[in-house]
Amino acid sequence: MGDAAQMQIATWNVNSVKSRLDLLLRWLDEARPDLVCLQEIKCLDEAFPTAAIEDAGYSVAVHGQKTYNGVALLSRFPLEDVTRGLPGDESDEQARYIEAVVSTPGGAVRVGGVYLPNGNPVDSPKYGYKLGFMERLRAHAAERLLLEEPFVLAGDFNVIPEARDARRPEAWVGDALYLPDTHAAWRRLLALGLTDALRASDDEGGVYTFWDYQAGAWQKDNGIRIDHLLLSPQAADRLLGVRIDRHVRSWERPSDHVPVVAELAV
DNA sequence: ATGGCAGTATTTTACTGA
C-alpha cells in the first residue's frame, strides 16, 4: 500500500489487456492501486500478460475468454479462495465474474470483479441474458452479504443508474443500459444494502467513466457513468473517498473506459 | 440518431461493444 492506513481498490474495463498493456503498466506505476478488477481482457488465461504484471508487484488471478469478455484481479496482497464464474447458470460460458479474498494487514476484504452484459439490442436474447445475469448477481451478492464482512463488488455494470449519470440522458432512452427493467434490477441489487461508492460522496452530475470512441464523445465530454464499486455495509463503513482517473482517457490509444478508484481505511 | 471508432478473428470483411 502507498499509505499504511488505506487501501485503494480500482475497477477498469481495459478493452483488451494485450492492446492496453503499456497503458495498464503506466497507470499501475502512477496510481499504485492495491487491488484492481479488470474487465474485457479479451484473452485466454495463458495469453494474459501475467509476468509483466507480476514484475510490477501484483499477484494475478484470471478468468479469461478468447476474443470477448474476460476478467482478472490484480493485487499487491495475496489472493485467496479465488472463484471463477457467476453461480446460477451452468450453461453460461461467458467469462464475466471472478471473486477472491484479499488478505491485507488490516484484515480480509472480499472482492468480486464483474463485467455485466451490455444487453443491446434490447429485442434480442442479449437483453434477457443481461436481466438474468443481474438477477444471478443479486442472488449471489445476497449470499455474500450474509457473511457480514467487507465486500466490494466492482466492475463494468453496463448500467447508467440515473439521468445525472449521462451527459445526454435523452439519447439513452430505450437502450439496454438505461431501460426501466435495467434500473429496476439495479435498484434490487442496491436494496440488498450495497452502497454505490461514488454516490456516497458525490451528488453531482457530470461524473462519467466511459466515453465512446465515436463522434468525438471524449472531446465533447459526452460520457456516461457505468463503472461502479458497490460496498457491503462493512466496506462502506471504511470508505474514505472515490476518484475517477479521467486523465487516462486522453492518453494515446486509450480504453473507452477509465479507472475508478475507491479508498478504504484498513 | 446513428454507428462516424476500436479490437479480434481470419480477414479482405464480420462481429461486438455502448
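Chain letters run A, B, ... following the sequence lines, proteins first, then strands; residues in each count from 1.
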Discussion item. Check Arg199(A) with Asp165(A), please: is the shortest side-chain N to carboxylate O separation under 4.0 Å?
Written reply: yes
Practice prompt. Pick the C1' atom in dA14(B) and in dA1(B), then give their distance to the nearest Å.
Written response: 23 Å
Worksheet item: Across the strands shown, which category fits Asp156(A) at heavy-atom distances under 4.0 angstrom: base, sugar-phosphate, nothing?
Response: sugar-phosphate
Worksheet item: Heavy-atom distance under 4.5 Å between the side chains of Leu137(A) and Leu116(A), does that happen here?
Response: yes
Worksheet item: Looking at dA18(B), dG17(B), dT8(B), which one has an atom nearest to any side-chain atom of Asn13(A)?
Response: dA18(B)
Worksheet entry | Separation of atom CG in Asp256(A) from atom P in dT16(B), rounded to whole Å | 17 Å
Practice prompt. Determine, for Asp227(A) against Arg225(A), whether the closest basic-nitrogen to carboxylate-oxygen distance falls under 4.0 angstrom.
Written response: no
Discussion item. For Asp221(A), is there an ion pair with Arg246(A) - N to carboxylate O distance below 4.0 angstrom?
Written reply: yes
Discussion item. Counting only side-chain nitrogens and oxygens, does Asn120(A) get under 4.0 Å of the OP1 or OP2 atom of dA18(B)?
Written reply: no
Fill in: Charged N-O contact under 4.0 Å between Asp256(A) and Arg249(A)
no
Using a cut-off of under 3.5 Å, enumerate the N/O to N/O pairs linking the protein to nucleotides 2-7 of chain B.
from: dG7(B); atom 1: OP1; to: Arg20(A); atom 2: NH1; distance (Å): 3.0
from: dG7(B); atom 1: OP1; to: Arg20(A); atom 2: NH2; distance (Å): 3.4
from: dG7(B); atom 1: OP1; to: Arg253(A); atom 2: NH2; distance (Å): 3.2
from: dG7(B); atom 1: OP2; to: Arg253(A); atom 2: NH2; distance (Å): 3.2
from: dG7(B); atom 1: O3'; to: Ser16(A); atom 2: OG; distance (Å): 3.3
from: dG7(B); atom 1: O3'; to: Ser19(A); atom 2: OG; distance (Å): 3.4

Item to complete: Decide yes or no for Trp12(A) and Asp156(A): does some side-chain heavy atom of the first lie under 4.5 Å from some side-chain heavy atom of the second?
Response: no
Discussion item. So Lys130(A), base contact, sugar-phosphate only, or nothing? Heavy-atom distance under 4.0 Å.
Written reply: nothing
Item to complete: Answer yes or no: is there an ion pair linking Arg144(A) with Glu149(A), defined by an N-O contact shorter than 4.0 Å?
Response: no
Discussion item. When the C1' atoms of dA18(B) and dG7(B) are compared, how many Å lie between them, rounded to an integer?
Written reply: 14 Å
Item to complete: Using whole Å, report how far CD of Gln39(A) lies from C1' of dG17(B).
Response: 14 Å
Discussion item. Strictly below 4.0 Å: does Lys18(A) bring a side-chain N or O up to OP1 or OP2 of dT8(B)?
Written reply: no
Item to complete: Take atom CZ of Phe157(A) and atom C1' of dG17(B), then tell me their distance rounded to the nearest Å.
Response: 18 Å
Worksheet, complete the sentence: Atom OH of Tyr129(A) and atom P of dG17(B) are separated, to the nearest Å, by 10 Å
Discussion item. Using the C1' atom as the point on both nucleotides, what is the distance between dC15(B) and dT10(B), in whole Å?
Written reply: 12 Å
Worksheet entry | Along DNA chain B (nearest heavy atom to each residue), the more 5'-positioned of Phe210(A) and Ile41(A) | Ile41(A)
Worksheet item: With a non-hydrogen cut-off below 4.0 angstrom, is Tyr115(A) in contact with a base, only sugar-phosphate, or nothing?
Response: sugar-phosphate
Worksheet item: Could you give the CG-to-P distance, from Leu116(A) to dA18(B), as a whole number of Å?
Response: 10 Å
Worksheet item: With a 4.5 Å heavy-atom cut-off, do Leu153(A) and Val111(A) have their side chains touching?
Response: no
Worksheet item: Expressed in angstrom and rounded to an integer, what is the separation of Ile226(A) atom CD1 from dA18(B) atom P?
Response: 6 Å
Worksheet entry | Rounded C1' spacing from dT16(B) to dT11(B) in Å | 16 Å
Discussion item. Strictly below 4.0 Å: does His257(A) bring a side-chain N or O up to OP1 or OP2 of dA18(B)?
Written reply: yes
Item to complete: In whole angstrom, give the distance that lies between atom CD of Gln65(A) and atom P of dT8(B).
Response: 14 Å
Discussion item. Using whole Å, what does the distance between atom P of nucleotide dT16(B) and atom CG of Leu177(A) come to?
Written reply: 17 Å
